[in-house]
Amino acid sequence: MKDTLKSMILSAARRAHEEGILPCSDFPEVVLETPKVEAHGDFSTNFAMVSASIQKLPPKKIAQAVLDRLEDTRKWIQRVEVAGPGFINFYLYPSAWHPVLEAVHAQGRQYGAANLGKGRRIQVEYVSSNPTGPLHVGHGRGAAVGDSVANILSFCGYEVQREYYVNDSGRQIETLGRSVFFRLKALLGQSVPFPEECYQGDYIRSLAKEILQAEGDAIAAGTDADGIAFCARYAAEKITAQMEEDLRRFGVTFDRWFSEQSLYDAGKVDQTLAQLQAKGDIYEKDRAVWFRSSAYGDEKDRVVIRKDGQPTYFASDIAYHKDKYERGFETVIDVWGADHHGYIARMKAAVEALGHSKERFKVILVQLVNLLRAGVPVAMSTRAGEFVTLREVIDEVGKDAARFLFLTRHHESPLDFDLELAKKQSNENPVYYVQYVHARISSILNKGKERGVEEASFSREAASKLLVPEEIRLLKALAAYPEVVRQSAAFMEPHRITFYLMDLAALFHAYYNKHRVLTDDPILTRARVSLVFGVKEVIRNGLSLLGVSAPKKM
RNA sequence: GCGCCUGUAGCUCAGUUGGAAAGAGCAACGGACUUCUAAUCCGUAGGUCGCAGGUUCGAAUCCUGCCAGGCGUACCA
């Protein structure tokens with residue numbers, strides 16, 4: 001609809017030019033927007049104001065010239081006016097909105113989909129928490145954002161792969177092994193000191209107990225080094241499996257769990273460093289090996305091999321990203337916690353040094369989550385093993401409420417997550433507000449079916465009965481959905497969907513309270529059933545992009 | 001010190017990428033259930049968009065400089 005109006009405006013302007021009223025044949029792109037105030041019409045364009053400097057004419061004069069030459073072949077426009085400093089405002093007939101409903105009915109689950117991606121391959125990597133402890137709330141936000149971005153991109157025509165990078169190598173895994181090993185020793189009755197840098201949480205003791213029961217004798221008989229290595233492998237696998245299960249319950253599943261260790265096993269870290277070395281981007285200084293990231297915009301060079309000979313995390317991360325591009329992804333998206341933002345410049349530098357455009361690497365930074373209970377901050381410290389796990393949050397407030405609340409903020413603003421609020425089944429909790437629309441409409445449709453109303457049918461005759469302002473508002477909102485999805489994909493901002501759904505829900509609840517869907521007039525009833533069915537479809541579609549269910553009953 | 005993010009109603013936050021008079025929810029106050037789900041709705045009240053300049057027809061939005069908060073600034077990950 002917008003596109004049709006845009007081309008109407010442009011051809012009117014061209015005619016004005018041919019008639020010699022507008023001197024210049026150069027026209028800006030027509031931007032149509034929905035005014036904030038309903039009194040300013042259904043659509044509005046600043047075309048005349050933007051053209052003013054090119055045409056060297058007052059905006060109002062240009063607007064009038066365009067307005068006089070509009071050819072409304074579809075009979076949509078009830079009234080056009082020049083307003084304010086030179087806006088052209090369009091007031092449409094209710095019938096202009098009826099085709100929207102036809103599109104929603106025809107496209108169903110696909111309504112709102114776009115083909116921005118044109119099948120291009122894109123990878124979203126998210127969560128990627130070290131397998132040294134359980135997932136906590138902060139990871140939950142990253143999971144919700146990453147998963148939703150993946151859903152949205154997939155809905156918009158990208159071929160999306162979801163990946164979890166498992167840091168199953170290096171120092172922190174060794175620390176994990178030692179932590180479990182020392183706890184196990186203690187269980188064996190040996191008094192050993194428990195180093196401060198080791199993980200303190202209770203889950204370490206549980207793991208030690210498990211190993212003791214299964215492999216206790218072998219561990220006791222073997223060397224400490226073997227014992228630590230065994231504990232490390234066992235614990236990392238076990239924790240990874242638990243994370244996978246937690247995420248599954250959170251509605252998040254990955255196409256691939258990518259092991260950091262596998263990069264070393266396949267010699268890919270060495271290969272990658274050799275490639276950079278061949279380009280002259282690697283050098284030795286102070287007995288360590290450095291990557292010349294400052295040549296690619298980073299503030300300084302970075303160590304890739306420490307002087308003790310051990311590669312840094314960054315070294316394998318470069319190899320990992322090289323591997324991603326070799327797997328054929330055109331764009332690679334990493335979802336990181338905001339505390340990693342200092343890492344972006346060096347990773348971008350690495351991507352560029354590997355010969356890929358920086359544009360092909362994007363980072364979504366997700367800000368911290370402050371966990372509250374009834375307004376009081378809940379203390380969290382990973383070191384001390386005091387934290388609220390994602391699993392506890394899911395158990396306490398449910399998957400839907402948690403995922404929805406994580407997406408009620410722009411991902412770059414910090415989020416207060418209140419456990420009590422999340423559990424509240426009231427207006428304070430937006431997830432129920434939106435889901436309630438779906439449940440209410442489902443209920444209406446059931447009642448309608450009992451009375452013999454066909455739910456999914458659309459007819460132009462019936463649709464023409466949709467005339468009250470609340471109905472037009474709903475139709476306009478449905479019409480806006482595809483644009484919201486596109487923007488959400490373009491900016492990788494799922495919260496746009498969340499806010500759209502809350503707005504649509506508000507419009508529906510207002511309509512519901514003012515008008516009855518099932519009336520004595522069969523044609524009007526059919527029209528309204530058809531409308532609310534459309535609303536239900538869009539609510540369900542939107543919620544599914546957020547990974548939230550759309551219940552038929554509440 | 002430098003870098004990134006954030007400052008919008010009492011609180012929590014949106015703001016269509018530069019548009020018209022600034023938008024919700026919560027909290028406060030007053031109303032609406034014999035009706036398709038009241039987990040809902042209607043109404044009232046609430047603002048120097050951190051501050052100061054600049055860019056132009058027009059700024060919460062872009063630029064510069066301050067102020068405040070968070071995070072980062074490892075041969076940790």
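Numbers restart at 1 for each chain; the letters A, B, ... are given by sequence-line order, proteins then strands.
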Taking side chain to side chain contact (heavy atoms under 4.5 Å, CB included) as the definition, give me every residue that meets it alongside [X], ordered by chain and number, with sequence neighbours left out.
X: Leu67(A); answer: Gln64(A), Val80(A), Val82(A)
X: Ala350(A); answer: Phe291(A), Phe314(A), Ile318(A), Met347(A)
X: Lys553(A); answer: none
X: Asn130(A); answer: Thr132(A), Asn167(A), Gln172(A)

Going by ring-ring contact (aromatic ring centres under 6.0 Å, His included), name the residues that satisfy it together with [X], two or more places apart in sequence or in a different chain.
X: His321(A); value: Phe361(A)
X: Phe417(A); value: Phe406(A)
X: Tyr313(A); value: none
X: Phe258(A); value: Tyr320(A)

Problem - Secondary-structure string, 5' to 3', Watson-Crick or G-U under 3.5 Å, | for another-strand partners, for RNA chain B - result: (((((((..((((.....[...)))).(((((.......))))).....(((((..]....))))))))))))....
Handout entry: salt bridge (Lys or Arg N to Asp or Glu O under 4.0 Å) partners of Glu260(A), counting only residues at least two apart
Key = none
Exercise for the section: Describe the nucleic acid contact of Ala288(A) in one word from base, sugar-phosphate, nothing, applying a heavy-atom distance below 4.0 Å. Expected result: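 Ala288(A): base contact, heavy atoms under 4.0 Å.
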Between the protein and nucleotides 12-19 of chain B, are there any N/O to N/O pairs under 3.5 Å, and if so, what are the atom names and distances?
| from | atom 1 | to | atom 2 | distance (Å) |
| --- | --- | --- | --- | --- |
| rU12(B) | O2' | Arg409(A) | NH2 | 2.2 |
| rC13(B) | OP1 | Pro414(A) | O | 3.3 |
| rC13(B) | O5' | Arg409(A) | NE | 2.9 |
| rA14(B) | OP1 | His410(A) | N | 2.8 |
| rA14(B) | OP1 | Ser413(A) | OG | 3.3 |
| rG15(B) | OP1 | His495(A) | NE2 | 3.3 |
| rU16(B) | N3 | Thr34(A) | O | 3.3 |
| rG19(B) | N7 | Asn46(A) | ND2 | 2.9 |

Could I get a table of every N or O pair under 3.5 Å where one atom is in the protein and the other is in nucleotides 34-37 of chain B?
| from | atom 1 | to | atom 2 | distance (Å) |
| --- | --- | --- | --- | --- |
| rU35(B) | O2' | Arg516(A) | NH1 | 3.1 |
| rC36(B) | O3' | Lys447(A) | NZ | 3.4 |
| rC36(B) | O2 | Leu518(A) | N | 3.2 |
| rC36(B) | N3 | Val517(A) | N | 2.9 |
| rC36(B) | N4 | Tyr512(A) | O | 3.0 |
| rC36(B) | N4 | His515(A) | O | 2.4 |
| rU37(B) | OP1 | Ser443(A) | OG | 2.1 |
| rU37(B) | OP2 | Ser443(A) | OG | 2.9 |
| rU37(B) | O2' | Tyr436(A) | OH | 2.1 |
| rU37(B) | O2' | Arg440(A) | NE | 3.1 |
| rU37(B) | O4 | Met554(A) | N | 3.1 |

Exercise for the section: Tell me whether His40(A) is stacked on the nucleobase of rA20(B), counting only the six-membered base ring and applying the 5.5 Å and 30° thresholds. Expected result: yes
Handout entry: rA20(B) base / Asn89(A) side chain donor-acceptor hit below 3.5 Å
Key =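 Per atom types, the contact qualifies.
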